[in-house]
Q: 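This is the structure I want to talk about, given as structure tokens.
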Amino acid sequence: METMKSLVKKRPEPGLWLDEVPVPSIGIDDVLIKVHKTSICGTDIHIYNWDKWARKTIPVPMTIGHEFVGTVSAIGCNVHDFKIGDVVSGEGHVACGRCRNCMAGRRHLCWKTQGVGVNRPGAFAEYIRMPITNVWYCDTKIPMDVLCCFDPLGNATHTALSFDALGEDFLITGAGPIGCMATAVARHAGARYVVVADVNPYRLEIAKRMGATVTVDTRSESIKEAQKKLGMKEGFDVSLEMSGNPEAMQSILTNACHGGRIAILGIFGQETAINWDMVVFNGLTIKGVYGREMYRTWYQMTSMIQSGLDITPVITHRFHYTEYEKGFEVMRSSLSGKVILNWVDE
Ligand code: NAD
Ligand code: ZN
């Protein structure tokens with residue numbers, strides 16, 4: 001049996017292990033992908049740390065990781081539109097294809113969706129098996145580093161384009177990699193002002209490079225002040241919650257305009273109280289966002305990059321996969337944007 005290197009959650013305890021596992025065998029509707037680059041997601045950190053969510057979600061052993069780009073290495077006999085060597089990425093939510101939403105073409109709302117690198121083997125490996133439904137053909141003019149971030153860029157895009165952006169004023173809470181990418185997407189889509197709030201100056205600096213009009217360190221500055229500085233009188237038209245912090249959610253409510261629209265991507269991890277009367281009296285619209293739309297979001301990302309969207313300032317570190325501990329360490333320090341692991345020599 002052929003084997004490959006893979007980063008495996010081997011035991012139900014903190015940590016991640018570089019292991020030798022069988023190369024996945026593929027079915028008739030599958031594509032075997034040789035992984036070139038992966039990036040580390042917050043989800044991978046949860047799994048590494050083996051927190052409460054990971055303990056109840058991840059069966060061990062499990063190859064983790066879901067943000068990747070690679071090339072087609074083998075195809076099942078039902079696969080006709082990919083050939084060996086094509087550059088591809090993959091959608092990390094594998095929808096069931098049969099539920100009501102799937103049947104209606106709303107696969108991002110599948111209630112039985114499976115997560116790559118969560119409940120099925122992931123991409124932190126030399127090879128990954130993907131069902132044809134989840135393989136995304138990449139424009140080879142787009143750098144591999146950028147393609148490898150399409151999954152989180154998709155979260156940013158899906159959230160930022162949830163509501164009309166042209167001429168609108170945006171508030172983004174959380175300047176993590178996704179908040180920073182959403183900043184660039186909102187600007188690309190024609191937002192007037194994008195104010196980004198965080199408590200981490202390193203990340204606010206990245207947000208500036210991604211096009212934030214004003215950044216706010218909420219430990220010492222207020223979002224109301226930022227509004228004043230910009231001459232805004234009525235509050236933000238569109239707010240994107242990308243921190244998972246309940247206080248940030250509160251600041252979104254108090255800074256939204258009447259009729260404001262709010263998209264929430266951040267995961268609070270606990271029950272969070274909000275002032276519902278503000279939602280009612282101010283006529284706010286709130287939308288929860290999970291994953292990416294299949295595949296509208298993927299088209300939007302591709303065409304935005306092709307028309308000048310630049311997300312490279314968010315990529316701050318690159319390591320060989322054998323140095324994965326360093327990658328996880330820098331991610332955990334919060335002194336990073338996206339961290340890439342290389343799986344092939346360049
Ligand atoms: P991240 O954890 O790297 O970034 C979150 C940022 O929020 C950090 O920079 C942190 O300093 C900041 N923050 C903390 N408290 C804050 C406060 N009071 N005000 C403003 N900012 C504050 O996360 P990420 O990878 O960029 O992802 C963003 C969020 O989206 C996370 O909550 C993540 O769990 C969630 N997420 C959701 C989906 C989905 O499908 N819904 C997918 C991916 C990530
Ligand atoms: Zn479904």
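Both ligands and their constituent atoms are indexed starting at 1 by order of listing. Being a predicted model, the structure only gives us computed values, none of them experimental. Position 1 is the first residue of the sequence; numbering continues from there. Heavy-atom basis, side chains included; hydrogens, waters and symmetry copies ignored.
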Q: Looking only at protein heavy atoms, which one is nearest to atom 35 (C) of ligand 1, and how far off is it?
A: Leu265 O, 3.6 Å

Q: Of all the atoms in ligand 1, which lie at a distance below 4.0 Å from a heavy atom belonging to Gly266?
A: 29 (C), 30 (O), 32 (O), 35 (C)

Q: Counting only heavy atoms, tell me which of Arg203, Met181, Met242 gets closest to atom 2 (O) of ligand 1.
A: Arg203

Q: Tell me: protein heavy atom nearest atom 14 (C) of ligand 1, and distance?
A: Val199 CG2, 4.0 Å

Q: Please list the nearest protein heavy atom to atom 22 (C) of ligand 1 with its residue and the distance rounded to 0.1 Å.
A: Ser243 CB, 3.6 Å

Q: I need the atoms of ligand 1 closer than 4.0 Å to a non-hydrogen atom of Ala197, numbered in the order shown.
A: 20 (C), 21 (N)

Q: Does ligand 1 come near enough to Asn245 that some N or O of the ligand is less than 3.5 Å from an N or O of the residue?
A: yes

Q: Quick one: which of Asp151, Thr297, Thr157 gives a side chain to side chain donor-acceptor pair (under 3.5 Å) with Arg292?
A: Asp151

Q: What verdict does the side-chain contact (heavy atoms from CB on, under 4.5 Å) test give for Phe163 and Ile262, after you've listed the backbone C-alpha separation in whole Å, the side-chain angles of each residue and the deciding distance to 0.1 Å?
A: CA-CA 9 Å; Phe163 303 107; Ile262 300 166; 5.8 Å; no

Q: In this structure, are over 12 heavy atoms from other groups packed under 6.0 Å from Tyr299 atom OH?
A: no

Q: Measure the distance from atom 19 (N) of ligand 1 to every protein heavy atom, then report the residue, atom name and distance (to 0.1 Å) of the closest one.
A: Ala248 CB, 3.7 Å

Q: Once you measure the plane-to-plane angle for Phe124 and Phe328, does it fall in the parallel (<30°), tilted (30-60°) or perpendicular (>60°) bin?
A: perpendicular

Q: What do we get for Val289 next to ligand 1 when only non-hydrogen atoms under 4.0 Å count, side chain, backbone, both or neither?
A: backbone

Q: With heavy atoms under 4.0 Å as the rule, classify the contact between Asp198 and ligand 1 as side chain, backbone, both or neither.
A: both

Q: Roughly how far, to the nearest 0.5 Å, is CG of Leu147 from NZ of Lys141?
A: 12.0 Å

Q: For atom CZ of Arg209, is the number of surrounding heavy atoms from other residues, nucleotides or ligands below 6.0 Å larger than 12?
A: no

Q: For atom 4 (O) of ligand 1, which protein heavy atom lies nearest, and how many Å away is it?
A: Gly176 CA, 3.4 Å

Q: Do other residues, nucleotides or ligands put more than 12 heavy atoms under 6.0 Å from Glu221 CD?
A: yes

Q: In terms of atom number and element, which parts of ligand 1 are under 4.0 angstrom from non-hydrogen atoms of Gly244?
A: 32 (O)

Q: Check whether more than 12 heavy atoms from other residues, nucleotides or ligands sit under 6.0 Å from atom CD of Glu2, and answer yes or no.
A: no

Q: Test of understanding: given a 4.0 Å heavy-atom threshold, classify the contact between Pro177 and ligand 1 as side chain, backbone, both, or neither.
A: both

Q: Could you check which of Asn200, Ile223, Ile206, Asn155 puts a non-hydrogen atom nearest to atom 42 (C) of ligand 1?
A: Asn155

Q: With heavy atoms under 4.0 Å as the rule, classify the contact between Ile267 and ligand 1 as side chain, backbone, both or neither.
A: both

Q: A quick test of your reading: do over 12 heavy atoms of other residues, nucleotides or ligands sit less than 6.0 Å from NZ of Lys224?
A: yes

Q: Is there a donor in the side chain of Ser243 and an acceptor in the side chain of Glu241, or the other way round, less than 3.5 Å apart?
A: yes

Q: Using 2.8 Å as the cut-off, count the protein N, O or S atoms closer than that to the Zn ion (ligand 2).
A: 4

Q: Other residues, nucleotides and ligands only: do more than 12 of their heavy atoms fall within 6.0 Å of CZ on Arg296?
A: no

Q: Please list, in number order, the atoms of ligand 1 under 4.0 Å from a heavy atom of Gly174.
A: 6 (C), 7 (O), 20 (C), 21 (N)

Q: Tell me, please: is Gly291 in heavy-atom contact with ligand 1, that is, under 4.0 Å?
A: yes

Q: Report the residue from Arg106, Arg107, His108, Lys112 that forms a side chain to side chain donor-acceptor pair (under 3.5 Å) with Asn101.
A: Arg106

Q: Does Glu234, at its CD atom, have more than 12 non-hydrogen atoms belonging to other residues, nucleotides or ligands within less than 6.0 Å?
A: no

Q: Among side-chain atoms of Glu329 and Tyr48, is any donor-acceptor pair under 3.5 angstrom?
A: no

Q: Can you find an N/O atom of Ile178 closer than 3.5 Å to an N/O atom of ligand 1?
A: yes

Q: Can you list everything that forms a ring-ring contact (aromatic ring centres under 6.0 Å, His included) with Tyr193? Sequence neighbours excluded, please.
A: none

